[in-house]
Structure formats: C-alpha cells, structure tokens
Amino acid sequence: MQLTHKQIGQFDQHGYLFFPSLFTHREVGVLNAELGRIFSSRRPENVREKRSGVVRTSFGVHMYNAAFARLARHPRMVEPVKEIFQEDVYMHQFKVNAKAAFDGEVWQWHQDFGTWHADDQMPEPRAMNVAIFLDEVNEFNGPLMFIPGSHEFGVIEAGHDTATTSYPLWTLDHDTVSRLVAKGGLVAPKGPAGSMILFHSCLVHASGSNLSPWHRRTVYLSLCAVSNHIRRFKRPGYIAQREFEPIQCLPDDCLLKDYPVSLPWKDGAPESVLQPQLAA
Ligand code: SIN
Ligand code: MN
C-alpha cells in the first residue's frame with residue numbers, strides 16, 4: 001500500500017492517518033480467535049489491570065503466536081511506515097491492549113517517544129505507532145484520543161507516573177494538555193474492527209476507561225527505523241525489543257494463509273529477555 005502525497009501532507013500536519021476497515025472481518029477474525037488463549041496464559045508478558053486483574057496489555061505476542069507473527073509482517077501495515085521513513089524498519093514494541101468491557105482502565109496523557117528516549121535511549125523520533133482495531137471502536141469503549149499537531153512540539157516535559165495504573169508511564173501535566181488542546185483540539189478516530197491508525201511517536205494521546213459492555217481490543221505495533229535502534233536495554237526485551245533485524249513482509253494474504261514464521265518464544269521468553277541488561 002502506497003501513501004498519496006495528500007496523505008503524507010496530512011500526516012505531517014496532524015501527526016496521524018486513519019484507514020477505516022483496512023483489514024477485512026475475516027482477517028480480524030483470524031486474530032481474534034487467538035485472544036482467549038493469549039489472555040488466559042500466565043506469562044510475564046501479560047500485564048494485568050490494577051483493580052480487576054484482567055489482562056491490560058499482552059506484550060510480544062508476535063514472538064510466540066503465528067497469526068500475530070504474520071500481522072507483524074503485513075505489507076498493508078509495514079509499507080506505509082517504510083515509505084514515511086524511507087528506510088527499513090524493525091519491531092520496537094508489539095502489544096495487544098485489551099481495554100476490557102467494564103474493567104479497561106485509562107491510559108494517561110503521554111507521548112511514546114518520551115518513554116523510548118528516556119528509558120531505551122532511542123535517538124530520534126523515527127519510530128511509528130500503528131494501531132489496528134480488533135473490535136469496533138466507538139465513543140463508549142475508551143477510544144484513543146489525539147491532540148492533532150502536538151507532535152510538532154517534540155519531546156514535552158513529563159513526569160513518571162507509577163501509581164495511576166499497573167503500567168508505569170511518563171505523563172504530561174494538566175496545564176500542558178490544556179494548552180495543547182486549546183491549540184490543536186481533540187480527535188478520537190472511531191470505526192469498525194480492522195481499521196488502522198498510523199501516528200507519530202511524539203503525538204500526545206490518551207484514552208479513558210471502558211465502562212461499556214464492549215471490549216476495545218487493539219494491537220499496537222511500534223516500528224522503528226533500523227538506524228535509529230535503541231541504545232539501552234533497561235526495560236525487559238518483551239517491552240523494548242533488542243533485535244533490530246529489518247521486517248521482511250509476507251504477501252498481502254498472509255492472515256488467511258499459513259505462511260511459515262519463526263516463533264522463538266513459543267515455549268516462553270528466554271531469561272535474558274525477561275531481565276534488564278546493563279549494556280546495550
Ligand atoms: C498506548 O498509548 O500505548 C495505549 C493507549 C490505549 O490503548 O488506549
Ligand atoms: Mn502510547
């Protein structure tokens with residue numbers, strides 16, 4: 001999939017692009033069929049909600065599940081990112097956020113590159129976030145919110161919030177968010193399962209809790225330009241990947257056919273990936 005000049009201009013201006021129904025219901029069905037087993041497994045890669053204990057985020061699923069490993073190599077997702085960076089990309093982070101019906105908790109206001117820079121020593125914001133909806137996203141189930149144009153400000157000062165949810169995050173204060181919203185407004189792309197968003201790693205974003213009876217399961221993939229790989233391995237390797245091999249795309253029908261993929265964490269992530277390492 002090639003982006004048009006108009007789309008590249010929109011990305012530069014607003015910091016995101018939205019592709020409703022990019023993947024079919026049949027393709028999404030292949031992924032959703034795996035989720036019960038993934039969320040019910042007791043792996044360290046599964047981070048649970050603070051209050052209910054249901055899965056909040058499943059990291060590194062593409063390293064042990066074949067359907068998600070194929071998604072991680074899907075040309076409809078990878079090619080536009082390579083086009084924007086004009087370089088090969090590797091998978092910096094892969095996660096499925098569950099935002100479960102009734103129990104899915106908030107994601108505070110933040111920029112992803114702030115964390116990648118501070119914790120992982122990623123040099124530049126040359127990494128793209130991709131969100132792929134596994135459920136319909138509507139106004140009730142905790143849609144992801146963006147402040148359009150906020151990527152233009154680069155890395156904004158943030159505080160490390162280790163208390164609000166089960167997942168530590170570098171978050172922006174209320175005054176900063178109010179100032180940015182006064183300038184750029186707010187958007188929350190909504191649409192059917194199979195929709196995709198590309199968003200800049202400095203774009204300020206957040207989501208509210210999910211009080212609705214509908215799950216809002218979303219895959220988030222962070223693709224980094226190979227030359228911009230992280231320099232520090234402070235966080236576990238399932239949160240910040242330590243292999244910088246360029247992604248080799250599979251054919252466009254890869255969610256519907258069993259193309260072979262390597263699954264190195266099939267029997268569990270190795271000890272080295274679970275632990276911090278001092279030297280990258
Ligand atoms: C994220 O910012 O990493 C996740 C946000 C969400 O799932 O709503
Ligand atoms: Mn984020």
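Order of listing sets the numbers, starting from 1, for every ligand and every atom in it.
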Notebook entry, point to check: Nearest protein heavy atom to atom 5 (C) of ligand 1, by residue and atom, and its distance?
Noted result: Trp107 CG, 3.5 Å

Note to self: Within the 4.0 Å heavy-atom shell around Arg216, which atoms of ligand 1 are there?
What the structure shows: 6 (C), 7 (O), 8 (O)

Check: Considering the options Leu203, Leu144, Asn129, which one meets the side-chain contact (heavy atoms from CB on, under 4.5 Å) requirement together with Tyr16?
Finding: Leu203

Check: Salt-bridged, Glu34 to Arg37, with N to O below 4.0 Å?
Finding: yes

Next item on the list: Look at atom 4 (C) of ligand 1 and say which protein heavy atom is nearest, naming residue and atom and giving the distance to 0.1 Å.
Entry: Asn97 ND2, 3.1 Å

Checklist line | Steps toward salt bridge (charged side-chain N to carboxylate O under 4.0 Å, His left out) verdict (Asp135, Arg217) | finding: CA-CA 6 Å; Asp135 293 302; Arg217 298 166 301 185; 2.8 Å; yes

Check: Which residue holds the protein heavy atom closest to atom 6 (C) of ligand 1, what is that atom called, and what is the gap in Å?
Finding: Tyr220 OH, 3.2 Å

Item checked: Tyr167 backbone acceptor or donor facing Thr165 side chain under 3.5 Å -> yes

Notebook entry, point to check: Under the salt bridge (charged side-chain N to carboxylate O under 4.0 Å, His left out) criterion, do Glu49 and Arg51 qualify, and how do the steps go?
Noted result: CA-CA 6 Å; Glu49 296 286 14; Arg51 278 190 282 267; over 6 Å; no

Item checked: Protein N/O/S atoms closer than 2.8 Å to the Mn ion (ligand 2) -> His110 NE2, Asp112 OD1, His205 NE2

Report all side-chain donor-acceptor pairs from residues 174-194 shorter than 3.5 Å, counting only partners two or more places apart or in another chain.
| from | atom 1 | to | atom 2 | distance (Å) |
| --- | --- | --- | --- | --- |
| Thr176 | OG1 | Asp173 | OD1 | 2.7 |
| Ser178 | OG | His174 | O | 2.8 |
| Lys190 | NZ | Ala188 | O | 3.0 |

Notebook entry, point to check: Can you find a non-hydrogen atom of Leu144 under 4.0 Å from ligand 1?
Noted result: yes

Check: Short list, please: which atoms of ligand 1 are under 4.0 Å from a heavy atom of Ser207?
Finding: 6 (C), 8 (O)

Checklist line | Under the ring pair (Phe, Tyr, Trp, His ring centres under 6.0 Å) test, residues paired with His74 that sit two or more places apart | finding: Phe23

Next item on the list: Could you tell me whether Lys95 and ligand 1 have an N or O pair separated by under 3.5 Å?
Entry: yes

Next item on the list: Using side-chain hydrogen bond (donor to acceptor under 3.5 Å, both in side chains) as the criterion, list what pairs up with Ser201, not counting sequence neighbours.
Entry: none

Next item on the list: Please determine if Lys82 and Asp88 form a salt bridge, counting it only when a charged side-chain N lies under 4.0 Å from a carboxylate O.
Entry: yes

